[in-house]
Amino acid sequence: MREIFTGLPWWVKWIAVPVIALVVFGGLIASVVGFVMHLLFKVLVFVALVGGLIYVVRKFTASSSSRSDW
C-alpha cells in the first residue's frame with residue numbers, strides 16, 4: 001500500500017482519497033455518529049430523570065420524617 005502512494009502527488013493523498021472515502025462511507029459515518037449521539041442523549045435523559053426522582057424522594061422522605069418528629 002505504501003508503494004502505491006509514494007509516486008502520487010500530495011493532493012491525491014491528503015485531499016482526493018479522504019474526499020472519496022467520505023463520499024463512499026459518508027452515509028455509514030453519519031448513521032453511526034447519529035446513533036451514538038442519540039444513545040448519549042438517551043443516557044443523559046435517563047440520568048437526569050433518575051437524579052430528579054432521587055431528589056424528589058429524598059425531599060419527600062425528609063419532609064415527612066421531620067413532620068413525624070413533631
Side-chain angles (χ1 to χ4, degrees):
M1 191 65 147
R2 197 172 288 242
E3 298 87 24
I4 295 172
F5 284 112
T6 53
L8 296 176
W10 66 270
W11 59 270
V12 172
K13 292 185 254 188
W14 298 106
I15 297 174
V17 172
V19 166
I20 292 171
L22 282 175
V23 168
V24 171
F25 298 110
L28 177 66
I29 293 169
S31 65
V32 168
V33 169
F35 174 75
V36 169
M37 295 297 284
H38 184 73
L39 189 63
L40 282 174
F41 179 73
K42 293 277 189 177
V43 167
L44 286 175
V45 168
F46 175 75
V47 167
L49 288 174
V50 169
L53 178 67
I54 291 171
Y55 174 77
V56 167
V57 167
R58 285 190 178 176
K59 188 92 164 161
F60 180 73
T61 55
S63 65
S64 66
S65 66
S66 65
R67 286 185 198 149
S68 64
D69 291 342
W70 289 95

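From a predicted model like this one, the values you see are computed outputs, not experimental measurements. The analysis underlying the following values was restricted to heavy atoms, covering all of them including side chains, and did not include hydrogens, waters or symmetry mates.
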In the single-linkage hydrophobic clustering (I, L, V, M, F, W, Y; side-chain heavy atoms under 4.5 Å), do [X] and [Y] co-cluster?
{"X": "Leu28", "Y": "Ile20", "answer": "yes"}
{"X": "Leu22", "Y": "Val12", "answer": "no"}
{"X": "Phe25", "Y": "Val32", "answer": "yes"}

Distance, nearest 0.5 Å, that separates NZ of Lys13 from CH2 of Trp10: 11.0 Å
Spacing of Leu8 atom CG and Thr6 atom OG1 [to the nearest 0.5 Å]: 7.5 Å
Just list the side-chain donor-acceptor pairs under 3.5 Å for residues 40-58, sequence neighbours left out, or say none.
none

